[in-house]
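Working notes, beginning with the structure itself.
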Amino acid sequence: MPVIVTGASSPAVEALANQWPGSHLLDLSDVVKRLEASASAEQPEAGLSASAERLLRWWRLYPDHVLQVTLSPALMAGCEWPLLSAWGMTASEQHDLLALFAQRGWTREVTLMTRTRHCRQCRSVHLNYIDVCPRCRHLDLVALDGLHCFTCGHVDRLDHFMHDERLVCPKCHVRLRHIGVDYDRPLESLACGKCDLWLVEGEVEVQCMDCGQLQQPGELIQQRVASLALSEAGRRVVALPRKEGMPEQMVGQRVSRAELHHMLDLLVPLARRHAHRHLLMVMSSGALPSRSVASPLSASSPAASLSAMAQRLTSLLRDTDLVCEYDAGHWLFLLPHTPREHFADIARRIKSLTDLAEDDAGLNIALEMHELPSERCTGKASYWLAQLLDDQASGQPSGKMPSEAEA
């Protein structure tokens with residue numbers, strides 16, 4: 001159930017509520033729609049714990065909400081996520097749950113609050129840093145003053161220079177009368193009360209205040225404490241089921257962004273080696289370039305318009321072609337082993353499909369066609385493909401197919 005606060009806000013309110021004064025307005029009709037759709041949604045993965053399924057259901061209802069974190073010095077973990085605490089989860093359970101989400105790439109950091117260090121044994125944040133003797137590892141270190149004899153250069157502890165309440169160098173036996181003339185005082189040093197070792201500084205050990213474990217600072221477990229939101233991968237996991245009338249299975253192979261990157265990393269080098277040609281079609285929403293295949297298409301949102309148009313384009317695909325909903329503003333279609341001479345025919349068939357929607361009104365759909373490989377397809381596909389989409393969005397030349405295929 002959504003929690004809406006109309007009075008004064010506080011950190012606890014902002015962590016637990018879905019709307020509070022100064023926050024974005026919550027669309028209750030959209031929440032109800034998502035609540036009804038989530039009841040029939042399939043679980044994203046088998047084997048998830050009940051707490052993981054609960055957090056996914058919560059983010060399905062409120063995909064834009066940020067999971068806030070607060071520092072809690074009284075807890076062994078040093079921090080907590082108030083929403084998860086309200087669900088009855090312990091600090092360790094919260095850490096394990098969010099570590100699982102981060103490992104699968106479902107979350108992203110919004111605001112980094114701090115970094116904490118934890119005991120390697122019990123994961124407590126209650127740590128005590130102790131200087132110990134490097135020889136016997138004892139912690140009884142006493143601060144001592146040292147002296148530097150100018151006559152012979154001898155440096156030693158102050159008590160070693162004391163003879164009959166006078167300062168006498170134990171090496172050259174010269175009496176030291178005036179500081180700055182006969183001697184000076186170097187940096188403060190330490191003496192071990194157990195083995196009598198004289199040292200400039202001790203070695204640091206860390207003792208856990210909860211379990212007593214001794215460890216080196218480099219052995220501590222570091223943790224980033226940050227508020228969290230859904231990543232692009234997480235949004236795909238909690239996405240609502242498709243509307244009725246939209247076939248669940250498209251023609252062609254439906255792939256994720258990572259799978260498309262992997263396939264391009266394989267196909268592009270092979271195409272260069274064996275003189276193959278592939279076609280990459282990029283469909284986006286917004287203002288249309290002058291040479292883009294375009295058609296107005298009505299939809300309730302840009303994402304819905306792109307999804308509807310993508311469904312129409314699948315009638316042109318083969319079973320071996322790849323379809324990817326790359327992000328909220330782009331659909332990508334990869335047609336392997338498609339020669340250049342077929343591009344113009346494909347463009348005409350796409351134009352005939354878009355003409356069917358001329359009686360609709362709404363968002364413009366732009367489609368660009370790219371021949372692979374090209375000069376810009378160097379390095380990882382995740383890099384050059386992002387550059388290609390950025391250039392397309394800014395209207396810069398992006399290595400499209402020849403003009404005769406852009407009819």
Side-chain angles (χ1 to χ4, degrees), residues 3 5 8-20 22-23 48-59 61-132 137 139 141 201-231 233-235 237-238:
V3 178
V5 178
S9 64
S10 68
V13 165
E14 296 179 8
L16 295 173
N18 304 105
Q19 179 181 308
W20 59 89
S23 68
L48 288 178
S49 64
S51 57
E53 292 178 2
R54 186 173 193 177
L55 184 54
L56 284 176
R57 287 198 303 269
W58 178 79
W59 253 323
L61 295 179
Y62 317 106
D64 297 325
H65 201 76
V66 175
L67 189 63
Q68 298 288 353
V69 63
T70 60
L71 296 179
S72 302
L75 298 177
M76 289 179 60
C79 65
E80 65 174 338
W81 284 262
L83 179 67
L84 304 183
S85 297
W87 291 352
M89 297 178 60
T90 65
S92 60
E93 291 172 342
Q94 295 177 29
H95 174 271
D96 293 340
L97 172 62
L98 297 178
L100 171 66
F101 273 56
Q103 181 182 4
R104 302 194 179 191
W106 293 348
T107 56
R108 61 178 177 85
E109 292 184 357
V110 178
T111 302
L112 179 64
M113 179 178 293
T114 187
R115 293 193 306 271
T116 55
R117 288 176 170 81
H118 300 256
C119 171
R120 63 180 180 180
Q121 178 167 290
C122 68
R123 303 190 66 88
S124 172
V125 75
H126 302 145
L127 305 171
N128 186 30
Y129 294 81
I130 310 170
D131 292 337
V132 299
R137 317 305 298 178
L139 53 83
L141 299 182
E201 61 181 11
E203 291 188 6
V204 178
E205 282 188 349
V206 184
Q207 183 180 30
C208 177
M209 302 295 288
D210 287 307
C211 69
Q213 175 72 27
L214 287 174
Q215 51 213 301
Q216 299 298 315
E219 297 174 332
L220 298 175
I221 300 173
Q222 295 193 39
Q223 178 180 329
R224 296 168 66 89
V225 179
S227 55
L228 302 173
L230 281 175
S231 64
R235 287 182 174 273
V237 170
V238 302

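Just so you know, these numbers use all the heavy atoms, side chains as well, and skip hydrogens, waters and symmetry mates.
By the 4.5 Å heavy-atom criterion applied to side chains, Leu83 and Leu67 are counted as neighbours. A 4.5 Å side-chain heavy-atom check between Trp20 and Val3 finds every atom pair outside the cut-off. Put simply, the side chain of Cys208 does not reach to within 4.5 Å of the side chain of Gln121, judged on heavy atoms. By the 4.5 Å heavy-atom criterion applied to side chains, Cys211 and Cys119 are counted as neighbours. Side-chain atoms of Met89 and Ser51, non-hydrogen and from C-beta on, do get closer than 4.5 Å to each other. By the 4.5 Å heavy-atom criterion applied to side chains, Leu98 and Leu55 are counted as neighbours. Contact annotation: the side chain of Val237 approaches that of Leu56 to within less than 4.5 Å [non-hydrogen atoms, C-beta and beyond]. A 4.5 Å side-chain heavy-atom check between Asp131 and Val204 finds at least one atom pair inside the cut-off.
Pairing each heavy atom of Gln215 with each of Gln213, the nearest pair is NE2-O, 3.5 Å. When all heavy atoms are compared, the tightest approach of Leu100 to Ala52 is CD2-CB, 4.5 Å. Across Leu16 and Ala86, no two heavy atoms sit closer than the pair CD2-CB, 3.9 Å.
Of the N and O atoms on the side chains of Glu109 and Ser227, not one donor lies less than 3.5 Å from an acceptor on the other residue.
Shown here are the salt bridge (Lys or Arg N to Asp or Glu O under 4.0 Å) partners of Asp210, two or more places apart in sequence or in another chain: there are none. Taking Glu93 as the reference, nothing meets the salt bridge (Lys or Arg N to Asp or Glu O under 4.0 Å) condition, with sequence neighbours excluded. In this structure, the salt bridge (Lys or Arg N to Asp or Glu O under 4.0 Å) partners of Arg120, at least two apart in sequence or on a different chain, are Glu219.
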Can you give the donor-acceptor pairs under 3.5 Å from side chains of residues 110-117 to other protein atoms, not counting sequence neighbours?
from, atom 1, to, atom 2, distance (Å)
Thr116, OG1, His118, NE2, 2.7

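Between Arg123 and Asp96 there is no salt bridge, since no side-chain N of the basic residue sits under 4.0 Å from a carboxylate O of the acidic one.
Rounding to the nearest 0.5 Å gives a distance of 8.5 Å between CG of Leu230 and CZ of Phe101. Interatomic distance, Gln207 CD to Asn128 CG, rounded to the nearest 0.5 Å: 6.0 Å. Atoms CH2 and CH2, from Trp58 and Trp87 in turn, are 6.5 Å apart once rounded to the nearest 0.5 Å. Distance check: Met76 CE to Thr90 OG1 gives 10.5 Å after rounding to the nearest 0.5 Å.
Within the structure, ring-ring contact (aromatic ring centres under 6.0 Å, His included) pairs that include any residue of residues 208-229 do not occur (at least two apart or interchain). Residue pairs meeting the side chain to side chain donor-acceptor pair (under 3.5 Å) criterion with at least one partner in residues 68-77, sequence neighbours excluded, are Ser72-Glu80.
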### Message
I'd like to know whether Leu228 forms a side chain to side chain contact (heavy atoms under 4.5 Å, CB included) with Val66, so could you lay out the CA-CA distance, the side-chain angles of the two residues, the decisive distance to 0.1 Å, and finally the verdict.
### Response
CA-CA 6 Å; Leu228 302 173; Val66 175; over 6 Å; no
